[in-house]
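In what follows, a structure is listed as structure tokens, so that the remarks can point back to it.
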Amino acid sequence: QELHSLQVTFMRFACSLLVLLPFIGFYGIKCIATKRPGIQVLRGVMFWGGIMLWIGGINTVPITVTTTLSFAIPLFTLILAYYILREKVS
């Protein structure tokens, strides 16, 4: 039996929402309020797209390659932060 990447992504976000609901109930909606909702929506859409691509990649690429790439992500982030954001790497 194979699950489509949309199903896996939906379940991931649904479980995340279930974890978040008690905090919203306790602290109120202000705990997730933002002054820039458009940016938050864009961030959410990009995150959703990234998860969809990641799960699609897991289905098509051997698990060893997927694991290697997941451990290399911080290295790619460091390199891109240096060149794109001009971050000081120390």
Side-chain angles (χ1 to χ4, degrees):
Q1 182 179 0
E2 191 173 308
L3 294 173
H4 193 271
S5 56
L6 276 173
Q7 292 171 309
V8 176
T9 305
F10 174 79
M11 289 308 297
R12 178 184 166 125
F13 282 99
C15 291
S16 297
L17 180 62
L18 288 176
V19 170
L20 189 61
L21 283 177
F23 290 98
I24 295 173
F26 184 75
Y27 293 107
I29 196 72
K30 289 187 279 186
C31 73
I32 61 168
T34 179
K35 293 179 182 176
R36 300 171 67 183
I39 296 293
Q40 282 299 102
V41 169
L42 177 64
R43 178 184 176 271
V45 168
M46 290 177 67
F47 183 66
W48 174 79
I51 295 295
M52 287 289 295
L53 290 172
W54 181 253
I55 292 169
I58 288 174
N59 288 334
T60 58
V61 177
I63 194 69
T64 54
V65 174
T66 307
T67 304
T68 303
L69 285 175
S70 69
F71 281 113
I73 286 172
L75 299 174
F76 296 134
T77 304
L78 180 72
I79 293 167
L80 291 174
Y82 177 77
Y83 285 109
I84 294 174
L85 301 176
R86 305 285 186 228
E87 290 284 330
K88 181 181 177 186
V89 178
S90 57

Kindly compute the distance separating CD (E2) from CD (Q7), expressed to the nearest 0.5 Å.
10.0 Å
Between I58 and V65, is there shared hydrophobic-cluster membership here, with clusters defined by ILVMFWY side-chain heavy atoms closer than 4.5 Å?
no
Restricting to non-hydrogen atoms, name the atom on G56 and the atom on S5 that form the minimum distance, rounded to 0.1 Å.
N-CB, 4.4 Å
Gap between atom OG1 of T64 and atom CG of L69 - 0.5 Å precision:
9.5 Å
Are S70 and W54 packed together at the side-chain level, in the sense that at least one heavy-atom pair is separated by less than 4.5 angstrom?
yes
Are W48 and L53 joined in one hydrophobic group, where the rule is that I, L, V, M, F, W and Y side chains link up if heavy atoms are under 4.5 Å apart?
no
Heavy-atom count check: over 12 atoms from other residues, nucleotides or ligands less than 6.0 Å from M11 CE?
no
Heavy atoms of N59 and L3 approach each other most closely as ND2-O, 4.4 Å
ILVMFWY cluster, V61 and F76 together (side-chain gap under 4.5 Å):
yes
Are Y83 and V89 linked, directly or through intermediate hydrophobic residues, by side-chain heavy-atom contacts shorter than 4.5 Å (ILVMFWY only)?
yes
Flag yes if V8 and F47 sit in one hydrophobic cluster, no otherwise; membership is Ile, Leu, Val, Met, Phe, Trp, Tyr, and two members link when side-chain heavy atoms are under 4.5 Å apart.
yes
Looking only at heavy atoms, which two atoms of G57 and T66 are closest? And how far apart?
O-OG1, 4.4 Å
To the nearest 0.5 Å, how far apart are CG in L78 and CD1 in I73?
13.5 Å
Spacing of F10 atom CZ and L17 atom CG [to the nearest 0.5 Å]
9.0 Å
Once rounded to the nearest 0.5 Å, what's the spacing between atom CG of L80 and atom CG of L75?
11.0 Å
Starting at CE of M52, measure out to NE2 of H4 and round the result to the nearest 0.5 Å.
6.0 Å
Student check: side-chain heavy atoms of I32 and Y27 closer than 4.5 Å:
no
Should the heavy atoms of other residues, nucleotides or ligands under 6.0 Å from OH of Y82 be counted, would the total exceed 12?
no
Quick one: does T9's side chain have a donor or acceptor within less than 3.5 Å of a partner on L6's backbone?
no
